[in-house]
Amino acid sequence: MPTTPYEVLYGPLELFIAPVGEAFPALEVADPTAATNWELLGTSGQNSETEEGVTVRANQDLAYFRSAGQTAPRKAVRTSEDLEIEVMLADASIETFARALNNAAITDTAAGSGTVGHRAIDMLQGADVTEWAVLARGHSPYLDGQRAQFEVYRAVQSANVETVHRKDQPAALRFTFRALLDASGNWAVLRGADAAALP
């Protein structure tokens, strides 16, 4: 909840995806999908997310130098880093499966005499991997009623597609967006509003 102390944040992030190169919306823009190529991930956005919420993970590997005369390390260097945004969606729509499966093309067949209308995707993904720009939005850690957002310039959906169908829990799809550097060397930005817009 966006109440004092603001830096103690509750509530899920809402995820949006767009083609790589799409401009990120300004923090004051209420609906990123209005007149842009951004689309909400999950049929109902936050209401499609399971109670696990959205995880933002910044992983790293470090290499350490230890001299012959010391037992403790004297220097560290970062050898690799990864940024991942992960969510479970209780959304078994064909559209959500398509996003999880390399943005598969959806075939929509109209109902006919004695036949039901249906949507279908080919589940074979092939070698090429679809890339996305990813936007994860939540509350600002500074002000009531303001936003913060993670902006990932280029990412791939790296989670394996696995759904469990049972009577006591919804079938859910895991999405893990893993950041890649773009052609200009951009990776990801965390942005948070710290002052209201001027009149």
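Computed from heavy atoms alone, side chains included, the values below leave out hydrogens, waters and symmetry copies. If you read the sequence from its start, that first residue is 1, and numbering goes on from there.
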Closest non-hydrogen atom pair between [X] and [Y], with its separation:
{"X": "A104", "Y": "I121", "answer": "CB-CB, 4.0 Å"}
{"X": "A172", "Y": "T163", "answer": "O-CG2, 3.4 Å"}
{"X": "P141", "Y": "A148", "answer": "CD-CB, 4.0 Å"}
{"X": "A155", "Y": "V134", "answer": "CB-CG2, 4.0 Å"}
{"X": "Q149", "Y": "P25", "answer": "NE2-O, 2.9 Å"}
{"X": "A188", "Y": "Y153", "answer": "N-CD1, 4.0 Å"}

Quick check: is [Y] connected to [X] through a chain of hydrophobic side chains (ILVMFWY, heavy atoms under 4.5 Å apart)?
{"X": "L83", "Y": "F177", "answer": "yes"}
{"X": "V20", "Y": "F150", "answer": "no"}
{"X": "L190", "Y": "I17", "answer": "yes"}
{"X": "V56", "Y": "W187", "answer": "yes"}
{"X": "I85", "Y": "L181", "answer": "yes"}

To the nearest 0.5 Å, what is the distance between [atom1] on [X] and [atom2] on [Y]?
{"X": "E131", "Y": "D182", "atom1": "CD", "atom2": "CG", "value": "10.0 Å"}
{"X": "Q46", "Y": "L13", "atom1": "CD", "atom2": "CG", "value": "8.0 Å"}
{"X": "E81", "Y": "Q60", "atom1": "CD", "atom2": "CD", "value": "7.5 Å"}
{"X": "D108", "Y": "R119", "atom1": "CG", "atom2": "CZ", "value": "5.0 Å"}
{"X": "H118", "Y": "I94", "atom1": "NE2", "atom2": "CD1", "value": "9.5 Å"}
{"X": "L9", "Y": "E7", "atom1": "CG", "atom2": "CD", "value": "8.0 Å"}

Kindly say whether [Y] contributes a backbone atom to a donor-acceptor pair with the side chain of [X] at under 3.5 angstrom?
{"X": "E49", "Y": "S44", "result": "no"}
{"X": "T4", "Y": "Y6", "result": "no"}
{"X": "T115", "Y": "A111", "result": "no"}
{"X": "T79", "Y": "A63", "result": "no"}
{"X": "Q169", "Y": "A171", "result": "no"}

Contact check, side chains of [X] and [Y], non-hydrogen atoms, under 4.5 Å:
{"X": "T96", "Y": "F175", "result": "yes"}
{"X": "L135", "Y": "P32", "result": "yes"}
{"X": "P73", "Y": "R66", "result": "yes"}
{"X": "F97", "Y": "L173", "result": "yes"}
{"X": "L89", "Y": "L41", "result": "yes"}
{"X": "E86", "Y": "R57", "result": "yes"}
{"X": "V156", "Y": "W132", "result": "no"}
{"X": "Q146", "Y": "L27", "result": "no"}

Is the closest side-chain donor-acceptor distance between [X] and [Y] under 3.5 Å?
{"X": "T130", "Y": "N103", "value": "no"}
{"X": "D91", "Y": "T43", "value": "yes"}
{"X": "E84", "Y": "T176", "value": "no"}

### Message
For the CZ atom on R154, are there more than 12 heavy atoms of other groups (residues, nucleotides or ligands in this structure) within a distance under 6.0 Å?
### Response
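Yes.
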#### Entry: Enclosure of D128 CG (heavy-atom neighbours >12, cutoff 6.0 Å)
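Atom CG in D128 is not crowded, with 12 or fewer foreign heavy atoms closer than 6.0 Å.
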### Task
Would you check, one step at a time, whether the test side-chain contact (heavy atoms from CB on, under 4.5 Å) holds for R137 with F16?
CA-CA 8 Å; R137 279 192 146 191; F16 301 84; 4.3 Å; yes
### Task
Using salt bridge (Lys or Arg N to Asp or Glu O under 4.0 Å) as the criterion, list what pairs up with E151, not counting sequence neighbours.
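Counting only residues at least two positions away or on another chain, E151 forms a salt bridge (Lys or Arg N to Asp or Glu O under 4.0 Å) with R191.
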#### Entry: side-chain contact (heavy atoms from CB on, under 4.5 Å) between R147 and E14, intermediate numbers included
CA-CA 11 Å; R147 299 178 186 87; E14 195 153 51; over 6 Å; no
### Intermediate values then yes/no, side-chain contact (heavy atoms from CB on, under 4.5 Å), Q70 and R74
CA-CA 8 Å; Q70 292 291 336; R74 295 190 59 222; 4.1 Å; yes
### Message
List the residues meeting side-chain hydrogen bond (donor to acceptor under 3.5 Å, both in side chains) with S48, not counting sequence neighbours, and say none if there are none.
### Response
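Partners of S48 by the side-chain hydrogen bond (donor to acceptor under 3.5 Å, both in side chains) criterion come out as none, since no residue qualifies.
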### Query
Can you name the residues that form a side-chain hydrogen bond (donor to acceptor under 3.5 Å, both in side chains) with E28, not counting sequence neighbours?
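Per chain and number, E28 pairs via side-chain hydrogen bond (donor to acceptor under 3.5 Å, both in side chains) with no residue.
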### Task
Just say parallel, tilted or perpendicular for the rings of F24 and W38, cut-offs at 30° and 60°.
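Tilted: the ring planes of F24 and W38 meet at 30° to 60°.
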### Ionic contact status for D61 with R78, cut-off 4.0 Å
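Between D61 and R78 there is no salt bridge, as every charged N stays at least 4.0 Å from the carboxylate O atoms.
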